[in-house]
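What follows is a short report on a single structure.
Note that the coordinates shown come from a computational prediction; the quantities given were computed from them, not determined experimentally. Below, all heavy atoms of this structure are taken into account, side chains as well, without hydrogens, waters or symmetry copies. Numbers for residues simply follow the sequence, beginning at 1.
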Amino acid sequence: MPVIVSQSKEAEADTSIVKLTVLGLFGAAANFLAVYEADRFFVSANGGYAWGAVAAGVFFGIFAVLASVFVKNRSLLKSIVFLWSVIPLVLFTEHLLPEPSLILIGAAIVTGGLAAAATARGAKFLAESVEVQFFGVAKNVLPKAVTAFLLMVSALGYLNYFEWGGFNRTVGQALVDEVVAASAPAVSLWLPGVSVDGTVDEFLKGFALNQLRNIKPDVVSRTLADFQGTFNDLPAETRTAMVHQVAGQLQESLGKLIGPMEPETPFTEAVYAGIVSYAAKFPQNVRLGAGALLALLAFGSLKGIAALFYWLIEFLAFLAYKFLLLTNFAHVATEMRSRKFVVMS
């Protein structure tokens, strides 16, 4: 093995306990706040908490990258980041004592392990680089760090809604309202004239009218033996009667599947009631399995969305890095190296 001699005025080591502590506390606070905001969102379905969790999660990603750059002792780095992930467990003491939630503890441990591995990978990349490649470090850290955070969030969603009994009518209705409102543009695009903002009767009549307008002339002809033409050519009274008839048939069919629906019930309330009624037909173990599947689907969706914004977190982390250099929190040092080698005389 060649002998490499490092020549530098200062060692590449952690020299300031105070600055390490500050960095550790800020990272811990960011993750603690992110988990708290996510849990509050699951409990209340208040969108403000969701945005709070996103903002705090971004700061968690930033501090994970900064820790990879500034903390030189890799064992210390992994220990600090692991603690960031398990500290939020203090928020859930009622689920840890006297009977601990194994899913919650397991999620925290896996989250901590992933986040620690991510930062260690970034630190290793930096140690093996000749130049300080900040964005290279960030690209090594963020995917696993974000995965760790979203894993914890998904676990909290599952626990709140399927094991801790947090899925009450208020929360469920609020979530359904958000989903239905988000789907409104797509519904308007694919089903012109159909609105999800009104009652069940208005939705079904709008859907029936949309379908009747699109049917072929021969279907109308078979419905009305003496008539040749399209639905739009029918008299207004006949069109209205056909819409009422089809809407009534739709309501009857849906009632057999998810239970009876009152025509004047707001559509979003009927959707929530239908989901609850349909889910109640399955045994508890099936519902828990479905909950776990939904949590996995939510995790995959959130991870896909988050990947679109890695560049933003990298950019914000770079700004923070430059600011810390300007304020003398840290500085870039240069190391010269010499190597002994053997050649034939």
Side-chain angles (χ1 to χ4, degrees), residues 41-51 157 161-162 166-282 287 290-291 293-294 297-298 301 305:
F41 168 70
F42 291 130
V43 171
S44 67
N46 186 324
Y49 286 120
W51 286 112
Y161 292 156
F162 294 96
F167 195 80
N168 55 51
R169 179 176 177 82
T170 301
V171 171
Q173 188 63 65
L175 289 173
V176 168
D177 289 347
E178 293 290 336
V179 172
V180 171
S183 68
V187 172
S188 298
L189 178 64
W190 292 103
L191 298 171
V194 179
S195 173
V196 295
D197 298 327
T199 63
V200 170
D201 188 57
E202 291 169 346
F203 175 82
L204 292 177
K205 286 179 179 178
F207 183 82
L209 180 60
N210 179 274
Q211 296 304 299
L212 287 169
R213 282 174 175 169
N214 295 326
I215 61 176
K216 297 179 180 180
D218 62 321
V219 176
V220 178
S221 300
R222 288 199 303 271
T223 305
L224 302 170
D226 298 329
F227 178 77
Q228 296 294 325
T230 67
F231 175 78
N232 291 329
D233 297 326
L234 292 169
E237 295 81 1
T238 306
R239 293 201 302 268
T240 301
M242 290 184 69
V243 168
H244 278 276
Q245 181 183 359
V246 173
Q249 292 171 348
L250 289 171
Q251 183 175 340
E252 183 179 352
S253 299
L254 288 173
K256 292 177 181 179
L257 180 65
I258 61 175
M261 296 181 296
E262 293 296 328
E264 298 306 315
T265 302
F267 177 72
T268 55
E269 291 185 13
V271 171
Y272 172 73
I275 293 173
V276 172
S277 175
Y278 188 74
K281 297 178 181 180
F282 297 96
R287 293 201 295 271
L293 179 60
L294 285 174
L297 290 173
S301 299
I305 294 171

Residues pairing under salt bridge (Lys or Arg N to Asp or Glu O under 4.0 Å) where one sits in residues 180-199, two or more places apart or in two chains, turn out to be none
Between [X] and [Y], what is the shortest heavy-atom contact and its length?
X    : Y    : answer
F41  : Y161 : O-OH, 4.2 Å
A247 : A208 : N-CB, 4.0 Å
A270 : T265 : N-CG2, 4.0 Å
A181 : P185 : O-CD, 3.8 Å
V196 : A184 : CG2-CB, 3.8 Å

Nearest 0.5 angstrom please: [X] [atom1] to [Y] [atom2], how far?
X    : Y    : atom1 : atom2 : answer
Y49  : F42  : OH    : CZ    : 14.0 Å
L209 : H244 : CG    : NE2   : 11.0 Å
K205 : T240 : NZ    : OG1   : 9.0 Å
E264 : E202 : CD    : CD    : 7.5 Å

